[in-house]
*Asks:* 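Got a structure for you, written out below as structure tokens; questions coming shortly.
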Amino acid sequence: MNSGWRLSSSVLVMLAAGLLAVAPGGTRAAQLRDPLQPAGHWTERNFGDAPRPPMGWNSWNAFHTRIDEAKLLGSARVIVESGLRDLGYRYINIDDGWWLSRHQPDGRMVVRAGIFPSAFNRDPDRTSFRPLVDQLHAMHLKAGIYTDIGRNSCSQGYPQPDSLLPIGTIAEREVGLYGHVHQDLALYFDEWGFDYIKVDGCGLNAFAPDRPAVEAGQFRAFPAYVVPDSINQTRVAKIRALYTEVRDELIRLRPAGNFVFSICNWGTANVRAWGRDVGNLWRTSDDIDGHWARMLYNFDSVATRELYSGPGHWNDPDMLEVGHGDFDAHHLAAARTHFALWAIEDAPLIIGLDLRQAPQSLLDVLGAPEVIAVDQDPAGNQGVIAYDSDDLEIIVKQLAKRDQKAVVIFNRGTEPVKATLTAAQLKFAVDAPIAVRDLWRRRDLGPFVGETTFSLAPRASMMLRVTGRPELRDGVYLSEMPARIYVAADGIRALQADPQIHRPVYMGDGTTRGAGPRPALAGWGGPRADSTPYDNVLRLRGETFRSGIGALANSRLEVRALGEFARFTARVGVDDSSLERATRVRFEVYGDGRLLAQSPKLAFTDPPYALAADVKGVDTIELIAREFGDAHAPTLVTWGAAALTQAVSRAAETP
Ligand code: GAL
């Protein structure tokens with residue numbers, strides 16, 4: 001199964017850095033030689049239509065494959081009539097179950113008109129979703145469709161007793177995109193007029209030659225490119241290439257950019273590192289369900305990925321389970337917590353509930369305007385963990401207005417907790433009043449100075465907007481502007497599963513047989529805001545930095561300064577928690593391709609080195625940590641208190 005894994009470690013570093021797909025600065029050959037070579041400009045690719053996290057509704061969590069037109073339009077009508085549409089919920093997305101077959105020999109996809117009557121055509125091979133899409137458009141909504149990157153779908157790979165499955169010969173049942181990218185996307189976007197596509201990945205993991213259904217001759221075999229619990233056996237480059245082909249075809253079909261491309265490969269294949277280059281959103285984990293523990297797993301899979309998300313490109317912890325199980329109308333505190341967590345992480349807000357049945361109390365959760373506004377804040381900064389423990393977390397998100405932050409204080413545990421929120425956690429001045437607004441109650445609470453304390457029941461959270469005087473009066477810490485940082489090279493040499501993500505019981509086969517769900521999603525070691533890559537506080541020779549960027553050596557970060565600042569400063573060095581202590585690291589600062597400042601080669605034992613650079617007029621700053629010597633273990637580097645100051649205009653107020 002691992003025969004496809006033949007990448008050398010240097011190619012792996014470049015893959016993780018996204019350099020094999022695009023090499024915008026310098027020549028491709030030059031960047032292949034040195035992934036740390038400065039690009040000279042902001043290299044993130046912009047495509048599609050997702051300046052804010054997409055919002056809408058999807059059929060899967062409510063109906064699985066038992067979707068039909070009446071159910072879909074029923075929820076769509078509630079979205080319009082309840083005012084949810086006007087709060088931003090626009091996309092009505094059909095998930096698995098819509099397809100009947102792939103007509104042969106022309107390969108045209110056929111809609112299951114029995115459940116989507118408006119798709120009916122007298123010629124059964126010419127069914128069309130156009131009437132349904134037109135109807136949604138007439139309601140001022142947008143329409144989304146679903147497919148798979150392989151030949152077959154998830155419901156075929158993991159059928160449930162009542163699944164509505166494609167019918168016909170083996171070829172007629174091959175409903176996925178593989179080998180049909182142009183044909184299918186042209187049908188979905190040109191002929192049928194869809195606006196959004198979710199591309200699942202089961203065709204790449206559920207149809208390996210040893211699968212019983214494949215051995216029984218029901219499906220053509222497809223090598224297991226995705227091995228969900230083994231990143232080292234997963235064919236990262238091939239998977240990335242398949243999704244990139246879809247992106248490129250969408251750009252060709254919709255040159256104006258009016259599409260949204262949702263990658264659904266469940267956080268596998270190191271998608272953390274390349275999702276931003278290929279899709280508008282990418283799933284960071286396996287499927288959510290209505291259990292609290294499962295929601296924690298999905299949340300944790302995004303919570304430390306703050307440097308990978310930003311306008312146009314979003315981490316996707318999966319669709320909402322508000323209204324189901326532990327988040328139903330009898331558990332409104334937990335439902336609010338789930339929704340608040342998605343909002344502070346800039347997650348796509350895709351409702352998964354049969355809205356025809358939804359009580360007002362749940363519509364009120366989904367329609368909380370000030371909570372939605374946090375998710376949709378134009379700066380697009382994902383929340384950053386300010387306080388972390390297994391029981392309680394505080395997450396802070398810099399909003400577009402420089403003096404405003406959103407905060408979620410989140411009781412994950414089973415005991416009531418008294419949680420103290422400090423000005424320092426907010427990076428606000430300790431001696432100036434901080435105004436507090438409760439975003440659920442839409443009420444101002446009294447202001448505080450220094451710190452304030454809340455009592456939180458188990459599974460409850462507070463969601464606040466706070467307004468105060470920024471600690472840095474004339475600038476911004478880099479960790480307060482994660483949306484404006486692009487991880488061009490993460491320095492990871494060998495992919496490792498992230499041990500911090502909650503591992504709920506009942507994953508996998510849904511029982512507790514076997515050894516349990518072990519860490520599986522790559523990403524351990526990626527750069528972080530206000531943390532080392534391995535989740536420690538940033539520390540150089542005993543000096544702790546509450547603000548800063550932690551990374552591995554041999555990383556290159558692009559920072560979008562947009563000419564708004566005059567000066568870059570940081571205190572840099574090899575972090576006290578570094579695993580490698582024998583090599584040395586040079587910290588280099590480039591501005592639009594020019595070397596502006598660099599440190600000497602710093603050893604583990606060196607004190608923090610003060611770096612400063614004049615960045616007036618600079619659009620893109622690049623921060624490079626270059627390692628010298630043979631490393632036998634990961635070297636952790638810290639850009640302590642890294643900041644852009646002397647704001648030239650209204651720095652950091654604009655996205
Ligand atoms: C899963 C996917 C779900 C849903 C389902 C359909 O792979 O993560 O969101 O689309 O397939 O079968």
Side-chain angles (χ1 to χ4, degrees), residues 54 56-68 71-72 91-99 112 115 144-166 173-178 188 194 196-207 211 213 219 222 224-229 234 239 242-243 246 260-269 271 275 279 281-291 294-295 297-298 301-302 314-322 324 342 347-353 504 507-510 520-521:
W57 180 91
N58 173 294
S59 53
W60 180 255
N61 288 355
F63 302 115
H64 290 184
T65 58
R66 292 279 155 184
I67 172 68
D68 66 38
K71 290 172 178 165
L72 179 127
Y91 291 97
I92 304 295
N93 296 346
I94 304 168
D95 209 277
D96 205 344
W98 65 263
W99 31 39
R112 191 182 286 271
I115 55 172
I145 192 156
Y146 167 90
T147 184
D148 196 280
I149 195 77
R151 291 197 191 100
N152 292 100
S153 72
C154 289
S155 52
Q156 292 172 313
Y158 302 98
Q160 293 168 11
D162 68 342
S163 292
L164 277 182
L165 300 176
R173 285 184 285 108
E174 289 184 347
V175 294
L177 282 182
Y178 193 79
Y188 304 158
F194 280 100
Y196 182 116
I197 190 161
K198 170 176 165 184
V199 183
D200 218 324
C202 291
L204 307 185
N205 88 329
F207 301 91
R211 288 286 178 137
F219 300 102
F222 196 101
Y225 284 5
V226 177
V227 182
D229 58 358
T234 293
I239 295 162
L242 288 174
Y243 279 103
V246 174
V260 175
F261 177 25
S262 159
I263 296 174
C264 179
N265 74 335
W266 329 288
T268 69
V271 67
L281 56 154
W282 52 94
R283 284 273 299 278
T284 52
S285 65
D286 202 345
D287 294 7
I288 193 169
D289 66 22
H291 291 100
R294 193 77 176 210
M295 187 280 289
Y297 156 78
N298 288 64
S301 73
V302 291
W314 309 101
N315 289 313
D316 175 11
D318 204 1
M319 302 172 290
L320 295 163
E321 284 286 359
V322 170
H324 297 148
W342 262 232
L349 299 178
I350 309 289
I351 298 169
L353 181 64
M507 287 195 67
D509 70 356
L521 301 170

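Both ligands and their constituent atoms are indexed starting at 1 by order of listing. Computed from heavy atoms alone, side chains included, the values below leave out hydrogens, waters and symmetry copies.
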*Asks:* Going by heavy atoms in the side chains, are L72 and I67 under 4.5 Å from each other?
*Replies:*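 The answer is yes; the side chains approach within 4.5 Å.
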*Asks:* Show your working on side chain to side chain donor-acceptor pair (under 3.5 Å) between Y297 and D318 and close with a plain yes or no.
*Replies:* CA-CA 11 Å; Y297 156 78; D318 204 1; over 6 Å; no
*Asks:* Are Y146 and W60 an aromatic pair by the rule of ring centers under 6.0 Å?
*Replies:*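 Centroid distance Y146-W60: not below 6.0 Å, so no.
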*Asks:* Taking C-beta and beyond as the side chain, do F207 and E174 meet within less than 4.5 Å on heavy atoms?
*Replies:* no
*Asks:* Strictly under 6.0 Å, is that where the ring centroids of F222 and Y225 end up?
*Replies:* yes
*Asks:* I'd like the contact residues of ligand 1, where contact means a heavy atom below 4.0 Å.
*Replies:* W60, D95, D96, Y146, C154, S155, K198, D200, C202, C264, W266, R283, D287, M319
*Asks:* Rounded to the nearest 0.5 Å, how far does OH of Y196 lie from CZ of F261?
*Replies:*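 If I round to the nearest 0.5 Å, the distance is 11.0 Å.
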